[in-house]
Amino acid sequence: MFEGVFLDRKRRDIAPFIFLVLGLFSILLGYILTRAYFFWENVSHFSTETSNDVLLAFLHGLRFDLVAIALLNTPLILALCVTIWFRRFVNISMIFILFYLLLVDVPAIVINFIDTVYFPYTGRRSGPEIFSMANDVVTQLPELIFVYWGYVINTVFIFVSYVLLLSKLRKNLKPVFINKLLVLLFCFVLILLFIVAGRGGLQSKPIRALNAYSFPSSDLGALVLNTPFTLLREDPDDLKRVNYFLSDGDIKAALDIVGSETKTVEHKNHNVVILILESFGLEYFGPPYGLRSYAPFLQGLADKGRFFPNGIANGRRSIEAVPSILAGIPSLMSEAYMRSPYQSNTLYGLGEIVKPYGYSTAFFHGAKNGSMYFDDTTSRFGFSQYYGRDEYPDSSQFDGQWGIFDEPFLQFTLDELDKMSKPFMSGIFTISSHPPYTLPKQYENTIQEGEIPMHSVVQYSDMALRRFFETAATKDWYKDTLFVITADHTSDNFDPRFASTLGRHQIPIILYQPNQEIKKGIITEIAQQIDIPATVVDYLNLPEKDKILPFGRSLLTENSHADAIFKEEDAFWLLSQGKYVKLPMAKDVAIETGDLPDTFTKSLEQEVPVDLERLTRRLKAYVQMYTNGLIDNSLYRFSFEKTE
């Protein structure tokens, strides 16, 4: 009855096992090669690391590669341990293994390869949050293919190479018969190895991304990791309650939060324009900040206004910058707030805050409508009108990739601002200083190239900004307007001094009021994006402090103990008083403290001793306030409180 189904009682053909092992070895080689390419493309990011540590990072990375491979192929090995006992399934198993590797493992290698493009903008390997970006990717797919055609070709090359390699392996493998007891032992050992590999070793708990930052250096964590691992092992942000402090009173004490009476002051009916400049890192300024100025107009405007050279971006992505700048919420999750499960929490945006005082509101972004959900996000924050590429009347000004070139779009913005009822509040997000570094044809031979491609488009955007202010100065509303100018995040490094975790968060923050109603000068205190809402409310004298999150402060008031916070390298960071505190998310990793690097402008005042333990408590207080506040939807409970 079972004749022809089972092999003889003593031997089994393990050729499928051999094929699987050889195939997985080739997959591991693919992980290693894509890590090498990742390092080569982002070598400036790791320029401060020693060659020994880089080599150790590659070796440590093998551990994470094996985890990803084991997790992806566990269904395959379990199926094979069953089908190996049946004669008729041997050839089917070989074909199944071939297609499984091509449809599961090879795409994982491609994902690892393609993530090289995204890393410079986020500073980390992509995790589950990228799935929420699928709409943007699909919408921009033709442009992405055009810009990154090299990656498309190499993706095809990877697939073709594996098809040829694995097909040849399958055809050349001959039957290999061994005793059935050895087959049982072989299955047992292989399953055991997969279990150990899937956990990342024999330690008590499976490894997580946090472990990549503990050895050999926290700055090499992204090199140790691979993207399939972060996609498989890291859950979308599901925050867990933090209990550094027992009570709200202890948090208030750590952060020096005190109540005060609201003073009745007549609010100003002044306009507010918030300019968010794409990828304008501080290093594009000239001395004494950067090596050479690629934004001379912006640097000159900084000299005329209230300039914070120690400005900090609270995140590394544009989608993180908008909530920080317009609502004052830092980015302390792996996932952007507007794509997190907490996006429906109570959150007051600047547009919503000023509307009751007769303000008209609008947001301008020259990219395609719907890009990064900016239209929905800014609407959520109270901006009634949205102007994107769809609203721009001249399609000939499209840059061919992302949207409308900065110069014409900024002039279009001024025309629309003129039509708005006064007072108004507007947000403006530029786009041209961004890969693929496209210039309008009339400027291709007139703008200097610089040391890296980014320099040419920064110069173009700076020129567009100059013309924006030249035109704005002719408007009757100009002198009654506060201009807040900052960047969403940093971009390509060319100055090695900025090639560090802290340097990659350094952006300019400028407050410019043409009538000089605010005190101008170079302010060496730490400033951050999330200070902007409090600054605007303070400038307008609005009694809305209860709608300002407690993470930021007004930049109109000097504060030598001002802080900045962000999340990087699976750790929370606090910058204050010339020092930094790094609080790892892993419980068994020590807290790190140190001096801010030379890229930060030092105060001319005599240095005073800094209590690092106090700064550590402040950072923990921020983390607990943020985490538990999101979980409980109570972020505002520490906002301004009226005292009796």
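Just so we're clear, the structure is a prediction, and the values are computed from it rather than from any experiment.
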May I ask you to decide if the ring planes of [X] and [Y] are parallel, tilted or perpendicular, using 30° and 60° as cut-offs?
| X | Y | value |
| --- | --- | --- |
| Phe17 | Phe186 | perpendicular |
| Tyr284 | Phe280 | perpendicular |
| Phe38 | Phe46 | tilted |
| Phe64 | His60 | perpendicular |
| Trp402 | His434 | perpendicular |

- Query: How far apart are the C-alpha atoms of Glu569 and Thr501, what are their side-chain angles, what is the distance that settles it, and do they pass the side chain to side chain donor-acceptor pair (under 3.5 Å) test?
  - Reply: CA-CA 8 Å; Glu569 298 175 358; Thr501 299; 2.4 Å; yes

Residue pair [X] / [Y], side-chain heavy-atom distance below 4.5 Å:
| X | Y | answer |
| --- | --- | --- |
| Ile153 | Trp149 | yes |
| Pro584 | Asp570 | no |
| Val224 | Pro216 | yes |
| Asn112 | Pro228 | yes |
| Ile111 | Asn226 | no |
| Gln397 | Phe409 | no |
| Asp495 | Phe498 | yes |
| Leu33 | Phe113 | no |

Is the closest side-chain donor-acceptor distance between [X] and [Y] under 3.5 Å?
| X | Y | answer |
| --- | --- | --- |
| His489 | Ser318 | yes |
| Ser461 | Asp406 | yes |
| Asn369 | Glu391 | yes |
| Asn314 | Glu320 | no |
| Ser126 | Thr227 | no |
| Glu592 | Tyr580 | yes |

- Task: Sort and list the pairs that fulfil salt bridge (Lys or Arg N to Asp or Glu O under 4.0 Å) and have at least one residue in residues 65-85, not counting sequence neighbours.
- Result: Arg35-Asp65

- Checking side chain to side chain donor-acceptor pair (under 3.5 Å) for the pair Glu335/Ser340: CA distance, chi angles, key distance, verdict? CA-CA 6 Å; Glu335 193 167 16; Ser340 75; 5.8 Å; no

- Assert yes or no for the condition that the ring centre distance of Tyr460 to Tyr443 is strictly below 6.0 Å. yes

- Message: Is the distance between the ring centroids of Tyr392 and Tyr387 under 6.0 Å?
- Response: no

With a 3.5 Å cut-off and sequence neighbours excluded, list the donor-acceptor pairs that the side chains of residues 156-174 form with protein atoms.
residue	atom	partner	partner atom	Å
Ser161	OG	Phe157	O	2.7
Tyr162	OH	Ser26	O	2.6
Ser167	OG	Val163	O	2.6
Asn172	ND2	Lys168	O	3.4

- Query: Side chain of Gln529, backbone of Asp488: donor and acceptor closer than 3.5 Å?
  - Reply: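 At least one qualifying donor-acceptor pair exists.
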
- Task: Step through the shown structure and confirm whether more than 12 heavy atoms of other residues, nucleotides or ligands are within 6.0 Å of CD on Glu449.
- Result: no

- Message: Does the Lys NZ or Arg CZ of Arg389 fall within the cation-pi geometry relative to Phe398 - under 6.0 Å from the ring centre and within 45° of the axis?
- Response: yes

- Message: Tell me which pairs pass side chain to side chain donor-acceptor pair (under 3.5 Å) where either residue lies in residues 67-79, with sequence neighbours left out.
- Response: Asn73-Asp105

- Item | Sidechain N-carboxylate O distance under 4.0 Å for Arg504, Glu568 |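 A salt bridge is absent here (no side-chain N lies under 4.0 Å from a carboxylate O).
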
